[in-house]
Each structure stands twice: as C-alpha cells, then as structure tokens.
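Report on the following structure.
Everything numeric here is computed off the predicted structure, so don't read it as measured data.
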Amino acid sequence: LSTELEFEGLLTLKEAYALGEEDMAHADLCRRARRRFLYDHLAAAILAFDEQFRRACNDEFYSAASRFAAELVRWDCRRLGMTRFGGGNG
C-alpha cells in the first residue's frame, strides 16, 4: 500500500504542477489517471486493509493511522466525484 499511496501522491503532484503551468490538458490527464488508479487499485485495497487491520490491531496509534489513510483516500475519491470503487487487486 505504501507504494500505491506514493504513486497517488506523484499523480497529484503532477496535476498540481500542470495546473500551476496552466496546462489544463495535462492536468486533466493526471486527474483521469488518478481516478482510474483509485478505482482499479488503491481505494478498494486500502479500505479492505483498514477494516482488517483495525480488527486485528490492538494499538490505538496504528489503528488511528490506518483509519486516517483510509479516510484520506475516501476524501480524495469524493473530491474526484467517485461514489463506487473497483475490486482492487492491491
């Protein structure tokens, strides 16, 4: 998951850079890539991980960190207009 989160961050950075350069075509390409990546991989994987991890983990800090990462991905999905997630293959 850490690699997938990092890749999501890279796509977000590229989109922000394109917006700063007023390159709307590239920004749109990055946004569509993020939506696809979230749908196909990250969203379903992190939500499943969070649910299983918090059931198995007795540590409040790590449970909160897992919940935070899952909520951040949910927020990004909502911001991109997503209401459903793919099956995810992790």
**Q.** Closest heavy-atom pair and its distance - A45, L1
**A.** CB-CD2, 3.9 Å
Q: Check the hydrophobic clustering (I, L, V, M, F, W, Y; side-chain heavy atoms under 4.5 Å; chains of links allowed) and say if F61 and F53 are grouped together.
A: yes
**Q.** Lys/Arg-Asp/Glu bridge criterion (N-O < 4.0 Å) met for R67, E71
**A.** no
Q) What is the distance from atom CG of N58 to atom OG of S63, rounded to the nearest 0.5 Å? A) 7.5 Å
Q.
To the closest 0.5 Å, what do you measure between NE2 (H26) and CZ (R31)?
A. 11.5 Å
(Q) For the backbone of E8 and the side chain of R34, can you confirm whether one donor and one acceptor N or O come within less than 3.5 Å of each other? (A) no
Q) Out of curiosity, does L72 fall in the hydrophobic cluster containing L42 (side-chain heavy atoms, cut-off under 4.5 Å, transitive links)? A) no
Q.
Could you walk me through whether R74 and L47 satisfy the side-chain contact (heavy atoms from CB on, under 4.5 Å) test, starting with their C-alpha distance in whole Å, then the side-chain angles of each, then the deciding distance to 0.1 Å, before giving a yes or no?
A. CA-CA 9 Å; R74 280 188 186 97; L47 298 178; 3.4 Å; yes
**Q.** Atom of G81, atom of R35 and distance for their closest heavy-atom approach
**A.** C-NH1, 3.9 Å
Q) What are the two closest non-hydrogen atoms of E15 and A27, and how far apart are they? A) CG-O, 3.8 Å
Q | Atom pair SG/CD of C57 and Q52 - distance to nearest 0.5 Å | A | 13.5 Å
Q.
Can you give me the closest heavy-atom contact between C77 and A43, atom names plus distance?
A. SG-CB, 4.0 Å
Q | D59, CG: over 12 other non-hydrogen atoms inside 6.0 angstrom | A | yes
Q: Treating Ile, Leu, Val, Met, Phe, Trp and Tyr as nodes and any side-chain heavy-atom pair under 4.5 angstrom as an edge, say whether Y17 and F37 lie in one connected cluster.
A: no
Q: Report the distance from atom CG of L29 to atom CG of L11, rounding to the nearest 0.5 Å.
A: 9.0 Å
(Q) A side-chain contact here means heavy atoms from C-beta on lying under 4.5 Å apart; do R36 and R32 qualify? (A) no
Q: Answer yes if F68 and F49 sit in the same cluster of Ile, Leu, Val, Met, Phe, Trp and Tyr residues linked by side chain heavy atoms under 4.5 Å apart, and no otherwise.
A: no
(Q) When you group the ILVMFWY residues by side-chain heavy-atom contacts below 4.5 Å and let the links chain together, are L13 and L19 in the same group? (A) no
